[in-house]
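Accompanying notes for the structure given below.
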Amino acid sequence: MKDSSRKLLDKSFTALATFTLVMLGVCVAAFLLPIIIRGAGAVVFKATVEHEKVLCENFGRDASEADEARFASTNAAREKFYALTDAYESAAAAEKFASDIDALRSASTAGAAKYKERICGALKLKSSERAAKIREISQKLWSGYADTLARCVKESETSGGSYGLEKFLDAEADKLSAAGKEISKTLTEGSGAGYSARSAVARNSVHYALGKLEEAKSDLAETNAAYNVFKSGVRELLGPRDALEKNSLNLMRQKYGQTRYENAKKIFSEDIETLTLTQKDASGAEKSVRVSAREKFSGTPVEKMLDTLRADFDAMLAPHTAFYWGFFTDNPADANIFGGIFPMIVGTFWLTLGAMLVAAPLGMASAVYFSEYARGGGITGFLRMCVGTLAGVPSVVFGLFGLAFLINTLKVSDGKSVLAGSLTLALLILPTIIRSCEEALKAVPNSYREAAGALGATKAGAILTVVLPAALPSMLTGIIISMGRAAGETAPIIFTAATSTGLALGLGELFSQPTTALPWNIYNICSEHEMAERVGHVQYGMALTLTAIVLGLNLAAIILRMKLQRKLKNR
Amino acid sequence: MGGGGSFAQAFCAGAGRLLLFCITALPTVAIVFMIFFIAGEAVPFFADLKNTAEFFSGFEWRPSDSHAPHFGALSIFYGTVMVTLGSCVLAVPAGIVAAVALSEISSPKISNAFKPVVELLAAIPSVVYGFFALVVFAPLLQENGGVLLAVAVLLIAFPASVVAAMCLGELAASVFYKDVRNPPVKLFSVPIGALLMALGLFAAHKMLSVEITSGTNALNASVILAVMALPTIVSLSQDALGSVGRDMREGSFALGATRAETIFKVVLPCAKSGIAVAVILGLMRVVGETMVVWMASGNALKIPEPFYNFLEPVRTVTATIAGEMGEADQSTGSARYHVLFALSFCLLMASLIFNAAGQWIGGGFKLPKK
């Protein structure tokens with residue numbers, strides 16, 4: 001090879017290696033940054049007034065003066081909007097038409113006498129022909145009424161009284177059947193018609209009008225369904241309007257509007273400015289379509305509501321930066337949509353503590369045996385190999401072992417419990433602890449042991465008073481790192497300790513009760529939550545909390561180790 | 001023992017030693033119990049030979065069907081193999097190169113700075129990796145999959161084509177100009193490099209139009225698992241490289257070798273068994289990993305079409321155990337309960353075999369570094 005190209009090859013290899021390192025750094029950054037940034041959003045975020053409402057009413061916080069001011073100002077701003085909806089929903093528009101429709105109905109009822117002859121004639125026909133005949137006659141009787149109805153609907157749709165009119169038309173159906181009975185009475189009086197003939201007249205004489213009424217109602221229904229979708233979007237955004245409505249709802253998520261400003265904006269653009277409506281296509285199958293609310297309601301009072309909502313958006317929600325430290329100390333409410341992650345943190349703490357209490361002494365004892373007592377040879381080699389093998393067993397197998405052995409065979413508890421989970425975790429981290437403690441013990445210079453022996457200490461005495469204290473800080477690093485591992489493991493606790501919901505456990509419940517724990521609940525809230533988009537901040541917040549706990553422990557261990565190294569260097 | 005040991009003292013020392021030995025034997029006992037209990041719960045399944053035959057040869061997995069249960073686990077095994085191979089392809093070269101870079105090339109300052117980074121990467125809990133895969137990476141992959149793939153192809157193709165062009169150029173020059181002292185290497189390496197880069201660009205362009213229907217797929221799981229296996233591979237390989245004596249390197253430099261030649265011809269061959277152990281332990285972490293594959297692989301019970309399509313969801317052994325044991329009746333011995341233990345028995349055996357292989361290659365009983 002030419003020298004120059006050898007050098008070039010060398011340089012390019014160096015470049016490649018550096019590039020790999022840079023990519024490694026990029027990898028770490030790309031991984032941690034989203035979790036840190038969005039995870040912080042669980043605690044520090046732009047909140048709306050609903051956030052304080054939730055806190056004051058459910059988490060025992062007292063409303064500060066600023067909160068009270070916010071409640072008052074947003075309520076005032078909302079009243080303006082609700083005034084618009086009230087006007088739209090009120091019967092005022094319907095009243096305008098009500099007299100017209102009433103008058104025409106009475107006129108038709110009264111005019112029925114004109115058709116007495118013909119209808120009495122029809123009564124003599126066979127029952128099937130009779131109905132058709134009466135219907136045909138009544139069509140003329142009700143034609144004026146039907147025209148007015150159609151006109152009213154059309155007018156109400158453009159001028160915006162459709163919501164009130166629909167309620168009015170609901171009541172109108174009852175009035176029409178009453179009118180039918182009256183007509184039947186006038187027409188069949190004295191004709192000696194039987195019961196069935198009378199009811200046929202009653203039914204069929206208003207049949208045409210009822211049909212027209214249904215048509216009018218379905219005409220209105222489409223507009224009003226769209227308005228209802230709009231209204232439910234508004235309720236999602238602002239929460240129910242008054243205490244009465246609030247108390248009638250079951251779920252906490254229905255009782256409050258959006259607590260986070262970014263979610264509120266999303267709801268506004270996705271559920272209010274664009275509506276999801278169900279439409280029937282040609283074949284009659286229902287499908288949902290997305291339409292722009294502005295186009296759908298253009299020219300009606302709803303458009304003005306949209307404008308008000310957009311203009312007063314901030315006034316109604318009072319966005320402000322909030323620090324929700326309660327995220328770490330509050331219990332979750334309504335499937336984690338509200339509240340914090342306190343029980344999960346406590347559960348993780350108990351599991352880790354339990355695992356450490358079991359594994360640390362055992363691991364240290366084994367390490368002492370390996371480093372101080374074992375003489376090499378077959379048995380020690382075999383024991384060592386088993387430690388290595390145990391370290392390589394997949395964590396999910398530990399979980400199954402905990403289930404089959406600790407719970408189903410030893411019956412340490414009835415079903416899952418913190419105790420079973422801790423023991424499983426202890427077994428999982430035992431090899432790591434043994435290994436790091438052994439390294440720490442081996443780092444203690446032999447002169448320490450010899451000096452202790454020279455002073456007359458027994459071997460056990462030397463280990464207890466000289467070797468262990470000297471190795472302790474360094475052992476601690478290993479133990480802290482294992483602690484981080486125990487805190488973050490999920491698979492072993494799935495079958496032995498973890499449950500999805502529950503409150504923080506007290507000391508007495510640890511031996512019999514399953515617990516929530518950060519790792520399991522992160523999985524749960526990411527994969528099995530029914531409203532993943534509303535708990536995004538909790539997902540990130542939980543992930544950040546767990547990462548912070550584990551990395552914090554590791555960082556502590558790294559710092560401890562660095563201090564030790566410096567101390568050793570200075571010695 | 002120290003001076004003046006009475007009988008009582010000697011007895012105490014002996015008893016203490018025995019106690020320590022018993023504690024030390026705990027992992028051994030745990031391994032034996034583990035094999036015993038997992039196998040014990042798997043035996044009722046394996047006892048039925050028809051089921052066992054189907055388990056290793058069938059594709060249909062319906063263990064909870066009360067009328068005609070099926071226990072064909074091949075597609076599940078295939079999912080594990082696929083995800084493992086995928087992450088190996090990514091993690092092994094990257095891990096070894098990174099280890100070489102850290103221990104041979106970069107300055108001690110940078111190496112020391114990267115040590116905690118690698119440790120932190122190893123310390124991050126697997127469920128957080130799974131969270132990242134599911135909540136951050138999967139939507140990204142689904143929406144911008146083509147662009148991501150194209151960038152990845154470019155990132156791999158450019159360095160690879162530069163190095164390959166130089167090597168191939170040398171080779172071609174030495175073949176065509178056998179007796180010339182200074183063969184015109186550029187004549188060959190430039191066109192070859194251009195050709196390879198064009199190929200890379202073409203592949204990247206092809207990738208741009210790829211559309212990924214679901215962000216949770218074998219690729220997602222492989223990438224995240226590769227990142228998880230990296231720390232193990234890097235730190236263990238680094239240890240192996242570090243244990244190669246200084247005199248070897250200095251001898252090589254003295255003979256006029258460049259650094260790259262020293263690394264490839266001296267250091268790596270010396271450290272190859274240690275690196276092999278690192279790779280095996282990294283692989284074990286990938287095979288046994290549960291949360292990431294459960295959350296990121298899509299959990300579809302089928303073999304992708306075509307079989308090498310990494311953009312389709314797969315399901316692995318660990319994810320099946322974790323996902324179905326929650327639903328399976330945990331205390332009573334249903335068929336599903338036992339078949340899941342059969343799966344985990346296979347997993348346990350695989351990990352034992354891997355471990356034995358690692359220890360055999362390592363030539364000693366080293367503990368894996370976590």
Side-chain angles (χ1 to χ4, degrees), chain A residues 1-2 5-6 9-10 12-14 16-17 20-21 24 27-28 31 34 362 365-366 369 373 381 383-394 396-397 400-401 404-405 408 427 432 435 456-460 484 488 490-491 494-495 519 522-523 526-527 539 543 546-547 550-551 554 558, chain B residues 1-3 13 16-17 20-21 23-24 26-28 30-31 33-34 37-38 41 94 97-98 100-101 105 116-117 120-121 123-125 127-128 131-132 134-136 159 162-163 166 170 185 227 258-260 284 288 290-291 295 318 321-322 325 331 344 347-348 351 355 359 365 367-368 370:
Chain A
M1 249 191 212
K2 241 170 44 165
S5 54
R6 280 176 59 203
L9 206 58
D10 183 46
S12 59
F13 180 71
T14 308
L16 181 73
T20 314
L21 283 190
L24 194 67
C27 243
V28 175
F31 180 80
L362 293 180
S366 304
Y369 181 83
Y373 288 98
L383 291 180
R384 248 179 235 282
M385 186 189 77
C386 283
V387 175
T389 310
L390 194 65
V393 171
V396 70
V397 176
L400 283 185
F401 175 63
F405 179 62
N408 286 352
L427 202 57
T432 330
R435 181 182 176 285
T458 58
K459 183 160 185 179
T490 321
I494 300 174
F495 321 120
I522 289 176
Y523 165 76
C526 290
S527 305
Q539 295 176 347
L546 184 63
T547 314
V550 173
L551 292 194
N554 271 269
I558 288 173
Chain B
M1 288 290 125
R17 202 186 150 152
L20 280 183
F21 178 79
I23 291 175
T24 312
L26 211 64
T28 314
I31 291 271
F33 270 48
M34 205 172 264
F37 275 94
I38 303 267
E41 297 285 10
V97 172
V100 167
I105 292 173
V117 171
L120 291 189
L121 216 50
I124 292 171
V127 70
V128 177
F131 164 82
F132 180 84
L134 182 66
V135 177
V136 184
V162 168
V163 173
M166 273 190 288
E170 275 297 336
V185 176
V227 175
T258 63
R259 190 159 61 179
M284 271 169 67
T290 311
M291 297 316 289
M295 292 166 93
T318 49
I321 296 171
M325 191 50 99
S331 44
S344 83
L347 196 62
L348 181 63
S351 88
N355 211 298
Q359 300 198 346
F365 296 122
L367 276 174
K370 283 276 175 179

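These values consider heavy atoms only, across backbone and side chains, with no hydrogens, waters or symmetry-generated copies. Quick note on labels: first sequence line is chain A, next is B, and so on, each numbered from 1.
- Taking CG from A:Leu551 and CG from B:Leu120, the interatomic distance works out to 5.5 Å, rounded to the nearest 0.5 Å.
- B:Val127 approaches A:Pro519 most closely through the heavy-atom pair CG2-O, 3.3 Å.
- Looking at A:Pro34, the atoms closer than 4.5 Å to chain B (heavy atoms on both sides) all sit in the side chain, from C-beta outward.
- Taking CD1 of B:Ile124 as the reference point, atom CZ of A:Phe31 lies at 4.5 Å (rounded to 0.5 Å).
- Nearest approach of A:Cys526 to B:Phe131, heavy atoms of both residues: SG-CD1, 3.3 Å.
- Of the atoms belonging to B:Val135, heavy atoms from both backbone and side chain fall under 4.5 Å from chain A.
- Looking only at side-chain heavy atoms (C-beta outward), A:Ile494 and B:Met291 come within less than 4.5 Å of each other.
- Residue A:Gly392 comes nearest to B:Ser351 through the heavy atom pair O-CB, 3.8 Å, listed as atom of the first residue, atom of the second, then distance.
- Taking chain B as the reference chain and counting heavy-atom pairs below 4.5 Å, the highest number among A:Thr547, A:Leu24, A:Leu383 is found for A:Leu383.
- Chain A forms the most heavy-atom pairs under 4.5 Å with one residue out of B:Val117, B:Leu347, B:Val227, B:Thr318, and that residue is B:Leu347.
- Interface remark: of the candidates A:Ile522, A:Val396, A:Val28, A:Val396 forms the most heavy-atom pairs closer than 4.5 Å to chain B.
- A pairwise comparison of heavy atoms in A:Gly388 and B:Gln359 identifies CA-NE2, 4.1 Å as the closest pair.
- Rounded to the nearest 0.5 Å, atoms CG (A:Leu9) and CD (B:Glu170) are 8.0 Å apart.
- Ring geometry for A:Tyr369 against B:Phe21 counts as perpendicular: the plane angle is over 60°, on a 0 to 90° scale with 30° as the lower cut.
- Both the backbone and the side chain of B:Met34 come within contact range of chain A, judged by heavy atoms closer than 4.5 Å.
- Residue contact with chain B, scored on non-hydrogen atoms closer than 4.5 Å, involves the side chain of A:Cys27 exclusively.
- The minimum heavy-atom distance between B:Val163 and A:Ser12, with the atom names listed, is CG2-OG, 4.4 Å.
- Of the two parts of B:Val128, the backbone and the side chain both hold a non-hydrogen atom closer than 4.5 Å to a non-hydrogen atom of chain A.
- For A:Val550 against B:Pro125, the heavy-atom pair with the smallest separation is CG2-CG, 3.5 Å.
- Contact of B:Thr290 with chain A is made through the side chain alone, with heavy-atom distances under 4.5 Å.
- Interface remark: A:Ile558 contributes side-chain atoms only to the contact with chain B (heavy atom separation under 4.5 Å).
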Exercise. Report the C-alpha separation of A:Phe13 and B:Val100 in whole Å, then their side-chain angles, then the decisive distance to 0.1 Å, and conclude whether the side chain to side chain contact (heavy atoms under 4.5 Å, CB included) test is met.
Key: CA-CA 11 Å; A:Phe13 180 71; B:Val100 167; 4.1 Å; yes
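- Looking at B:Ile321, both its backbone and its side chain come within 4.5 Å of chain A, counting heavy atoms on both sides.
- Within the 4.5 angstrom heavy-atom criterion, atoms from both the backbone and the side chain of A:Val393 approach chain B.
- In this structure, the separation between OG1 on A:Thr14 and CZ on B:Arg259 is 4.5 Å, given to the nearest 0.5 Å.
- Heavy atoms of A:Asp10 lying under 4.5 Å from chain B belong to its backbone as well as its side chain.
- Only the side chain of A:Leu427 comes within contact range of chain B, judged by heavy atoms closer than 4.5 Å.
- Heavy-atom distances place the side chain of A:Thr20, and not its backbone, under 4.5 Å from chain B.
- For chain A, the nearby part of B:Leu134 is the side chain; its heavy atoms alone come within less than 4.5 Å.
- Taking CG of B:Leu121 as the start and CG of A:Asn554 as the end, the distance is 11.5 Å to the nearest 0.5 Å.
- With a 4.5 Å cut-off on non-hydrogen atoms, B:Ile23 touches chain A through its backbone and its side chain both.
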